[in-house]
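Here is how names work: the chains are called A, B, and so on, in the same order as the sequence lines, proteins then strands, and each is numbered from 1. Predicted model only: the values in this text are computed from it and were never measured.
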Number of protein chains: 2
Amino acid sequence: MRNVTIKEVAQAAGVSTATISRVLNKSGYVSEDVRHRVLETVRQLNYRPNAVARNLKRERTHCVGLILPDMRNPYFMRLAREVQALLSVRNYHILYTDSGADAARERSAINFMLENRIEALVIAGMGKNADKLREVQDRGVPLILIDRRVNNVESDIIIEDNRGAAERAVKLLVDKGHRKIGILCGPAGISTADERREGVQAALERAGLSPADMFWYSGDFSRSSGREAARQMHRLLEPPTAVFSANNEMTFGLYLGLKEMGQPLDFWEVASYGELEFAPLFANRLAYVRQNPEALGRTAAELVLERIGGADRGIGLLEQIVLTPDIVCM
Amino acid sequence: MRNVTIKEVAQAAGVSTATISRVLNKSGYVSEDVRHRVLETVRQLNYRPNAVARNLKRERTHCVGLILPDMRNPYFMRLAREVQALLSVRNYHILYTDSGADAARERSAINFMLENRIEALVIAGMGKNADKLREVQDRGVPLILIDRRVNNVESDIIIEDNRGAAERAVKLLVDKGHRKIGILCGPAGISTADERREGVQAALERAGLSPADMFWYSGDFSRSSGREAARQMHRLLEPPTAVFSANNEMTFGLYLGLKEMGQPLDFWEVASYGELEFAPLFANRLAYVRQNPEALGRTAAELVLERIGGADRGIGLLEQIVLTPDIVCM
DNA sequence: TTGTAGGCGTTATCAA
DNA sequence: TTGATAACGCCTACAA
């Protein structure tokens with residue numbers, strides 16, 4: 001059973017292709033009689049319209065691009081799932097790519113999506129492709145930054161109050177009396193990492209503590225960098241009594257590191273930006289910033305629909321939506 | 001900057017569209033002179049070919065469909081990532097859908113992919129859409145079942161030895177002297193669940209134990225069903241001393257349930273089909289079947305390329321690849 | 001109520 | 001070495 005074209009269906013049903021199209025798209029008049037005959041033929045030949053051709057003709061694809069740094073991070077996947085769920089209700093589909101936190105791959109993903117004429121792009125970017133993202137906008141494709149800012153790109157954006165939440169998280173540690181804190185930062189250039197670092201600084205300053213007294217570790221948001229940080233901190237003559245970790249994966253790595261070194265998991269008081277879903281099982285000295293990736297995803301999806309919906313695309317009415325996560329102590 | 005067409009580029013460069021196409025596709029002869037002029041114009045106009053049109057003309061899309069039941073389950077995402085990584089090297093892209101473990105959504109995803117003329121479909125199916133999957137094959141689209149069988153579908157398939165691994169896992173419990181075991185099964189109809197249940201039966205029989213003496217719980221592979229199972233087992237007059245759980249999420253739920261009930265996490269000796277990446281942090285009475293989703297994904301991707309590559313599509317040379325996972329005791 | 005025909009943006013065949 | 005031109009499969013004025 002090869003794929004059948006609309007022409008063949010038309011021939012078999014003894015009508016014109018226009019009629020087939022009208023029946024299938026419920027557009028224009030067509031007699032009940034003919035309608036049934038067409039539908040029956042369609043069924044018999046198992047006709048399935050070629051979306052590629054339709055997209056070319058209609059100049060719309062009903063596809064939305066989604067680019068995220070890591071498929072394996074539950075935070076992003078919870079976000080992605082929500083985007084997909086909402087868009088699929090409106091019959092939009094997702095072209096999804098995992099950039100692997102690699103700017104070059106991100107770039108080529110954007111190119112691919114552009115060539116495939118996605119109708120909107122949602123991206124948690126690596127911050128290195130501002131030019132590409134501006135190109136997306138220039139081509140009239142609504143761009144929605146999510147989770148992360150990108151320098152030199154003016155766009156709709158949905159993020160968290162990273163700075164504020166990080167500040168509150170560190171304040172929590174300070175209030176408990178900790179004076180020597182390990183700070184696990186994310187990679188410079190990623191806005192979430194930068195803003196969380198600012199938040200940390202702010203908290204320290206307000207508490208009258210000197211940043212120089214802290215142990216700063218520059219990680220890359222990966223599990224292994226958290227693990228490495230744990231090792232290094234543990235080796236110090238005067239190890240910190242508490243740790244702030246800038247994302248969920250590094251926090252996980254931190255605990256893995258402790259375990260490997262044979263230390264108890266409550267060796268440090270920990271404040272984590274981002275949740276470990278399994279933390280309730282073992283953590284008793286952990287506070288975390290509870291993010292809401294579903295809310296981010298949902299908001300993004302709604303914004304996509306609004307932008308695609310074709311409201312006026314004037315400039316200056318860009319949305320900047322900032323969600324405020326709360327902090328949970330275990 | 002609206003999207004520019006090949007015609008406009010041709011006009012601007014003072015050549016025909018054919019020449020532009022030849023330059024861009026490096027097909028056919030074109031003088032160095034003209035080539036440079038064309039490339040320069042392309043750059044200036046920021047021309048980006050329309051893949052939709054190209055796909056229509058070439059009758060291939062370079063897209064492969066991937067349908068999995070749950071984006072949030074790390075097992076599937078590790079698999080997905082590997083598929084994507086390998087295919088993207090060969091310039092194939094992925095149309096990815098999360099079926100949400102819902103047969104109807106799975107069905108409509110398949111339809112969408114069919115209309116978009118994917119060149120192959122990789123699916124961990126819900127087992128209810130055999131007819132659809134056969135349609136996929138009938139249309140000449142290579143079908144690769146992954147992780148799960150589907151009744152009444154003959155196809156390339158890449159799975160694990162679910163039965164054998166489950167049997168070994170339960171044997172482990174029996175060998176440790178457990179005589180009353182809680183068995184958390186997955187939903188009937190999903191081949192992995194069914195085969196794992198068979199493995200359990202086999203292990204019990206060989207050990208001369210009566211299945212009737214065990215506590216059977218029929219879950220749905222979800223976290224919450226594991227949690228519920230924990231509650232029910234705990235309520236029994238004579239609770240089991242060990243538990244076998246048929247997948248990672250239910251195992252997680254099991255531990256969450258214990259925690260909620262204020263029980264220690266080593267309350268039961270546990271054997272889990274599937275890994276909990278965070279288990280090292282707290283589990284001391286856990287054995288698990290270590291699956292290898294990356295291997296599944298890699299194998300699937302290679303098979304896709306082979307099938308697309310257009311080797312003869314005779315019948316009877318279907319691949320059935322069975323991976324044998326090992327069992328890890330913590 | 002239905003049919004004809006042009007065109008969406010490419011690629012590829014054939015001439016020139 | 002290049003240029004017309006006919007598809008690819010569908011939709012949609014415009015006619016009838």
Side-chain angles (χ1 to χ4, degrees), chain A residues 1-39 41-42 45-63 111-112 114-119 139-140, chain B residues 1-39 41-42 45-63 111-112 114-119 139-140:
Chain A
M1 172 175 41
R2 217 190 75 264
N3 274 321
V4 160
T5 74
I6 201 174
K7 258 189 205 160
E8 304 175 85
V9 179
Q11 194 148 35
V15 296
S16 76
T17 63
T19 302
I20 307 288
S21 177
R22 276 190 286 252
V23 171
L24 262 25
N25 297 303
K26 307 188 206 312
S27 67
Y29 298 105
V30 64
S31 70
E32 265 310 282
D33 210 32
V34 173
R35 212 176 70 85
H36 275 91
R37 184 146 41 95
V38 167
L39 254 20
T41 323
V42 163
L45 299 187
N46 213 338
Y47 170 65
R48 188 166 297 286
N50 183 328
V52 179
R54 192 199 310 132
N55 290 344
L56 176 60
K57 173 64 193 182
R58 287 203 179 141
E59 309 193 45
R60 20 186 349 201
T61 56
H62 266 249
C63 277
N111 281 336
F112 172 78
L114 242 20
E115 295 188 0
N116 279 275
R117 302 302 191 255
I118 51 165
E119 295 182 33
R139 291 184 189 276
Chain B
M1 173 178 34
R2 213 188 80 263
N3 274 321
V4 161
T5 74
I6 201 174
K7 262 189 204 161
E8 304 175 87
V9 179
Q11 193 148 35
V15 296
S16 77
T17 62
T19 301
I20 308 289
S21 177
R22 275 190 287 255
V23 171
L24 262 26
N25 296 302
K26 305 189 206 315
S27 65
Y29 299 105
V30 64
S31 70
E32 265 309 283
D33 210 33
V34 173
R35 212 177 70 84
H36 276 92
R37 184 148 40 96
V38 167
L39 254 21
T41 322
V42 163
L45 299 187
N46 212 338
Y47 169 65
R48 188 166 297 286
N50 184 330
V52 179
R54 190 197 311 130
N55 290 345
L56 176 61
K57 174 63 193 176
R58 287 206 178 138
E59 311 193 46
R60 40 188 326 210
T61 55
H62 265 248
C63 277
N111 281 336
F112 173 79
L114 243 20
E115 294 189 0
N116 279 276
R117 301 302 189 256
I118 52 166
E119 295 182 33
R139 291 183 189 276

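Under 4.0 angstrom from either OP1 or OP2 of D:dG3 there lies at least one side-chain N or O belonging to B:T19. Note on A:Y29: every side-chain N or O is 4.0 Å or more away from OP1 and OP2 of D:dT12. Neither OP1 nor OP2 of D:dG9 sits under 4.0 Å from any side-chain N or O of A:T5.
Atom pair A:I6:CD1 and C:dA5:P shows a separation of 17 Å (rounding to whole Å applied). For B:R58 and C:dT11, the CZ to C1' distance is 7 Å, given to the nearest whole Å. Straight-line distance from the CD atom of A:E32 to the C1' atom of C:dT1: 13 Å, rounded to whole Å. Here D:dA4 presents its C1' atom at 12 Å from NZ of B:K7, a figure rounded to the nearest Å. Taking atom NE2 of residue A:H36 and atom C1' of nucleotide C:dT1, one finds them 17 Å apart after rounding to whole Å. We find that CG of B:L24 is positioned 9 Å from P of C:dT10, with the value rounded to whole Å. Rounded to an integer number of Å, the gap from CG of A:N116 to P of C:dT10 is 12 Å. Rounded to whole angstrom, the span from the CG atom of B:N25 across to the P atom of C:dA12 amounts to 7 Å.
The A:R22 side chain lies nearest to C:dG3 when the options are C:dC8, C:dG9, C:dG3. Minimum atom distance to the side chain of A:K57 is reached by C:dG6, of the listed C:dG6, D:dC8, C:dT10. Comparing C:dA12, D:dC11, C:dG9 by their closest approach to the side chain of A:T17 singles out D:dC11. Side-chain atoms of A:L56 lie closest to C:dC8 of the nucleotides C:dT10, D:dC10, C:dC8. Distances from the side chain of B:Y47 to the nucleotides C:dT10, D:dC10, C:dG3 place C:dT10 closest.
Contact annotation for B:V34: backbone-only contact, meaning every heavy-atom pair under 4.0 Å involves sugar-phosphate atoms and none involves a base.
A heavy-atom distance below 4.5 Å is not found between the side chains of B:L56 and B:V52. Put simply, the side chain of A:R117 does not reach to within 4.5 Å of the side chain of A:N55, judged on heavy atoms.
Across the interface with DNA chain D, nearest-nucleotide mapping of B:S16 and B:R117 shows B:S16 to be the residue nearer the 5′ end. Comparing B:R35 and A:R54 along DNA chain D, the residue whose closest nucleotide (by nearest heavy atom) sits nearer the 5' end is B:R35.
Taking CG of A:L39 as the start and CD1 of A:I20 as the end, the distance is 9.5 Å to the nearest 0.5 Å.
A side chain to side chain donor-acceptor pair (under 3.5 Å) with B:S21 holds for exactly one of B:N25, B:T17, B:T19; it is B:N25.
For the pair B:E115 (side chain) and A:R48 (backbone), a donor-acceptor distance under 3.5 Å is absent.
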